[in-house]
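Since the structure comes first, as structure tokens, the remarks are kept for the end.
Atoms considered below: every heavy atom in the structure, side chains included; atoms not considered: hydrogens, waters and symmetry mates.
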Amino acid sequence: WLQIDEKDKEELQRALTTAKKAISKGSKKLYELGKDKISEIRSNYGGIIDNASRITKVPKQVIESFIFIESSSKAPTG
């Protein structure tokens, strides 16, 4: 059906390994950027988030996540 010789197999394996490393590096960078943004949100709005969480019984993390998603939007306004 499909025949791949050893040379092609090794080349494909190298390409897949390179792709995995690039994805992992990109994911790590995105994670760090997100973590920094959440820290900024906590710093700026921590008291308000705590009060809103206590009053509404919505976990702080859910509120922070919502703020993160909404503030990260690239959608045009107006």
What residues, two or more places apart in sequence or in another chain, satisfy side-chain contact (heavy atoms from CB on, under 4.5 Å) together with [X]?
| X | answer |
| --- | --- |
| I63 | I49, A52, S53, V58, I67 |
| E11 | R14 |
| K7 | D5 |
| T17 | Q13, K21 |

Taking salt bridge (charged side-chain N to carboxylate O under 4.0 Å, His left out) as the cut-off, I'd like each qualifying pair that reaches into residues 33-52, sequence neighbours left out, listed once.
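Found E32-K35, K37-E40, R42-E64, D50-K60.
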Indicate, with yes or no, if I55 and V62 share a hydrophobic cluster defined by side-chain heavy-atom contacts under 4.5 Å among Ile, Leu, Val, Met, Phe, Trp and Tyr.
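No: no chain of side-chain contacts under 4.5 Å links V62 to I55.
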R54: what forms a side chain to side chain donor-acceptor pair (under 3.5 Å) with it, not counting sequence neighbours?
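R54: side chain to side chain donor-acceptor pair (under 3.5 Å) contacts with N51.
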So, for I38 and F68, which heavy atoms are closest and what is the spacing to 0.1 Å?
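I38 and F68 have their closest heavy atoms at CD1-CB, 3.7 Å.
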